[in-house]
There are 2 protein chains.
Amino acid sequence: MASRAKATIFDIAREAGVSKSTVSLVLQGSGLIRPETAVKVRKAIEDVGYVYNRGAANLRKAHSNVIGMVINDLTNPFFAELAVGMERVFQSAGIVPFIANTAENPVRQEEVLKSLMEQGVAGLIVSPARGTTPGAFRRLETAGVPVVFAMRRLPESRIPVIAPDNHRGAFLATAHLIGKGHRRLVFFGGTSDLVVYQERLGGFREACETLGIAARDTLVVQGETSRRGGIACLETALAMAEPPTAALCFNDAVAFGVMLALRKRGLEPGTDFAVVGFDDVVEAEHYMPALTSVSVDTAGLGERAAHVMLKMIQSRTTRAEDHIGAVNLVVRESCGPNRSAELGLGDAA
Amino acid sequence: MASRAKATIFDIAREAGVSKSTVSLVLQGSGLIRPETAVKVRKAIEDVGYVYNRGAANLRKAHSNVIGMVINDLTNPFFAELAVGMERVFQSAGIVPFIANTAENPVRQEEVLKSLMEQGVAGLIVSPARGTTPGAFRRLETAGVPVVFAMRRLPESRIPVIAPDNHRGAFLATAHLIGKGHRRLVFFGGTSDLVVYQERLGGFREACETLGIAARDTLVVQGETSRRGGIACLETALAMAEPPTAALCFNDAVAFGVMLALRKRGLEPGTDFAVVGFDDVVEAEHYMPALTSVSVDTAGLGERAAHVMLKMIQSRTTRAEDHIGAVNLVVRESCGPNRSAELGLGDAA
DNA sequence: TTGATTTATTGGAACGTTCCATTTATAGGC
DNA sequence: GCCTATAAATGGAACGTTCCAATAAATCAA
């Protein structure tokens, strides 16, 4: 049952009556080997129950074929989608990416990065944890390991970023709400330590300004980027003197929370209060009411990130261009019909 | 920018004016080293930007400290919860588990397992993909790598299993439905190639039999274990001559799909048709109506699996006891009020 | 047949660690 | 001051691969 000492290429060599070098060549699929010999060797490999020791190999080879994916919150389905997109690409390149979760914890992230480096990864795709310090990736950089950021970025860093056009997405969504006739708007969820937050809030603000919403009619309520955070945000907003009538949410999770809280208060999302989400996760379509959301093509961005990574590894560089993915607003039911009539205004969108 | 040749313990040794062996000892936190020397070495490590080469180390050490988690569907939030539970345990043991996704594809799973083995994992926690062949884990076994199955099992295999009590969970849920006064029941979703399916369906059947539901009043509709599968199942069931009034769903995803489909037909889940889910994912609580579901303490099972794994590694065995986790029914709103009155029956639950 | 060329195979050194057996330094006992 | 015991540091071999240079075998041109 429990095997004796692990088999090595020497064992195979003996079994097949060749030298260790020949075995090595076969293992690497070299064309220099006579087909019959290769067959013989492969049979020995099978018989002996040999398992290749990549660690030993990497001692000589410059490149390992391990790529790590460091994700800040695995329980968010959004990131699972991202991971799936990447895997599609890596699979066809014959690479098995290893995923590690940092649970939004910079200390854990440090450990994870260290461990991955020690493992000798060829490259890393990272969605950095909130509160990541600027120096967290310096070790990677000095070690010359290619890194790309996906979805999130760090305030100042030369590491290439693959992310959606957050500003434009927020702008589109906000314009949609204004077009529907809303005049008192709120931005729900997220905290200012995330660059993404700045970008989305920026899009929101620009839309309000250019489309003639006074600053005093726009509200910002920070909060957790989760369902729970959304619930809390709505409570806060409705407690105001002149509560808003429409919300752009930092992400879909927040939007779900907001809709939930509306229902609990006897308000109907869509008709009584308009809500737009961000990310367009699969659930958005299936919610009641279906959530209008900014679609960012998560899986597509994942694929993109994987491609960039592959190219970086191949060309032995640690630099690459940023890639800002197109976004578009998917209009469903959570913003209800136009309010124009009610307010005596034309359709402004 | 791009660093020159990677630093090794020799470089540190030179820098710190000691021997490579001393550096190695410091790296391993040996108490044999004079504290001042250790400090000196650690400083050199920092200065040089050294990164430990675990591959090289594993060449000599018997044990790597890598543990792999092989998961069949990362996009199912259920598995993300499982992963999170495991990580809690591994983190406190100073281990970074690597997660790999098989996307429910046995071929991909084969690749993933191979890659993990080549990496020299110390152990593997696996939720096997549907359609896994019996031989898929033989290599692992002959290599003496500890493996535990989490949540799912293979028909015949000596590998220890950590899973919830599916039979009992299904029994409880079904009894609940019957207690509510339902007499025509259906089991929705899943396919018979999964052992879990057999177990859950078994509990459903036993409850029906012992609580006096005739076999001709129970229906089974197989289907995908996803929202989409749930939608399809409901369509099928409602097209029958005498449609059921209550469903036990293979998992929560199916249940969500069923509720969605009900709404689309103008039926209200809970009052017009009762539905129970399985797994009790976090969304269950937040759904409209909130989903009654069998809670399996996913994260707890993850922790358990991790502990078992740790113990197996420590005691160098590939055997361990199965662990069947307790379940309990979380009653929410998706089964509505009792039907007893309507049917002239007492409360049987 | 001989030498040159091509095709297949091979031995040895190297990769960066750990671990064991030694050596060297320090302290203690008398 | 000498011997012994303990503490601290060290050199060398080993781990399982890859790669290079070298060899051996087969083919070819003359």
Side-chain angles (χ1 to χ4, degrees), chain A residues 3-42 44-45 48-66 114-115 117-122 143, chain B residues 3-42 44-45 48-66 114-115 117-122 143:
Chain A
S3 72
R4 65 207 80 269
K6 281 199 179 75
T8 74
I9 49 172
F10 285 92
D11 299 309
I12 303 175
R14 187 164 5 87
E15 184 82 6
V18 298
S19 79
K20 65 171 196 352
S21 303
T22 304
V23 177
S24 175
L25 258 2
V26 172
L27 249 14
Q28 296 171 80
S30 161
L32 293 177
I33 302 293
R34 195 155 44 101
E36 321 154 40
T37 310
V39 168
K40 204 168 50 180
V41 170
R42 268 191 272 271
I45 289 177
V48 173
Y50 166 78
V51 0
Y52 183 72
N53 184 334
R54 203 168 285 277
N58 286 342
L59 222 41
R60 295 270 353 203
K61 294 211 288 212
H63 258 29
S64 85
N65 74 159
V66 178
K114 179 152 171 266
S115 176
M117 284 193 74
E118 292 180 353
Q119 228 54 242
V121 289
Chain B
S3 73
R4 62 207 83 268
K6 281 200 180 72
T8 76
I9 49 171
F10 285 93
D11 299 309
I12 303 175
R14 187 164 3 89
E15 185 82 5
V18 297
S19 79
K20 68 175 195 345
S21 303
T22 304
V23 177
S24 175
L25 257 4
V26 171
L27 248 15
Q28 296 171 80
S30 161
L32 293 177
I33 301 295
R34 196 154 44 99
E36 322 155 39
T37 311
V39 168
K40 202 169 52 181
V41 170
R42 267 191 273 273
I45 289 177
V48 173
Y50 166 78
V51 359
Y52 184 72
N53 184 334
R54 204 168 285 277
N58 286 343
L59 221 41
R60 295 268 354 202
K61 295 211 287 209
H63 259 27
S64 84
N65 74 157
V66 178
K114 179 152 170 266
S115 175
M117 284 191 74
E118 291 179 354
Q119 227 56 240
V121 288

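Computed from heavy atoms alone, side chains included, the values below leave out hydrogens, waters and symmetry copies. Naming: A, B, ... by sequence-line order, numbering from 1 per chain.
Between the CG atom of B/Asn53 and the C1' atom of C/dA14 there is a distance of 14 Å, rounded to whole Å. In this structure, A/Met117 atom CE and C/dG16 atom P are separated by 15 Å, rounded to whole Å. The interatomic distance linking B/Ile12 (CD1) with C/dT17 (C1') rounds to 11 Å, in whole Å. At whole-Å resolution of the value, CZ in B/Arg14 and C1' in D/dG11 are 17 Å apart. Atom NZ of A/Lys6 is separated from atom P of D/dG16 by 9 Å (rounded to the nearest Å). One can place CD of A/Glu36 at 12 Å from P of D/dA26, the figure rounded to the nearest angstrom. When the C1' atom of C/dT6 is taken as reference, atom CG of A/Leu32 falls 12 Å away, rounded to whole Å. Rounded to whole Å, atom C1' of C/dG16 lies 14 Å from atom CD1 of B/Ile45.
For A/Ser115, the side-chain hydrogen bond (donor to acceptor under 3.5 Å, both in side chains) criterion is met by no residue, not counting sequence neighbours. B/Glu15 pairs by the side-chain hydrogen bond (donor to acceptor under 3.5 Å, both in side chains) definition with nothing, not counting sequence neighbours. B/Lys114 pairs by the salt bridge (Lys or Arg N to Asp or Glu O under 4.0 Å) definition with B/Glu118, not counting sequence neighbours. Checked against side-chain hydrogen bond (donor to acceptor under 3.5 Å, both in side chains), B/Arg14 has the following partners two or more places apart in sequence or in another chain: B/Asp11. Applying the side chain to side chain contact (heavy atoms under 4.5 Å, CB included) criterion to A/Ala56, with sequence neighbours excluded, gives A/Asn53, B/Leu59. Residues meeting the side-chain hydrogen bond (donor to acceptor under 3.5 Å, both in side chains) test with B/Ser19, sequence neighbours left out: B/Thr22.
A close approach under 4.0 Å does occur between a side-chain nitrogen or oxygen of B/Thr37 and OP1 or OP2 of D/dA9. Contact annotation: A/Arg34 does not reach the phosphate of C/dT7 (side-chain N/O to OP1 or OP2, under 4.0 Å).
For the pair B/Val26/B/Arg42, a side-chain contact is recorded, criterion being any heavy-atom separation below 4.5 Å from C-beta on.
Two end axes, each from the C1' atoms of five base pairs, can be drawn for the helix from C/dT1-D/dA30 to C/dC30-D/dG1; they diverge by 40°, to 10 degrees.
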Query - Stepwise side chain to side chain contact (heavy atoms under 4.5 Å, CB included) check, A/Arg54 with A/Asn65 - result: CA-CA 9 Å; A/Arg54 203 168 285 277; A/Asn65 74 159; 3.4 Å; yes
Requested in this report: Sugar-phosphate means primed atoms, P, OP1 and OP2; the rest is base. With that split, encode nucleotides 18-23 of chain D 5' to 3' as B, S or - using protein heavy atoms under 4.0 Å.
Outcome: BB----
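Position along DNA chain D of the nearest nucleotide to B/Thr22 versus A/Phe10 favours B/Thr22 as the more 5'-ward residue.
Sorted by first and then second residue, the pairs that involve residues 21-36 of chain B and meet salt bridge (Lys or Arg N to Asp or Glu O under 4.0 Å), not counting sequence neighbours, are B/Arg34-B/Glu36.
Here the side chain of A/Ser19 is nearest to one of D/dA9, C/dT10, C/dT9, namely C/dT10.
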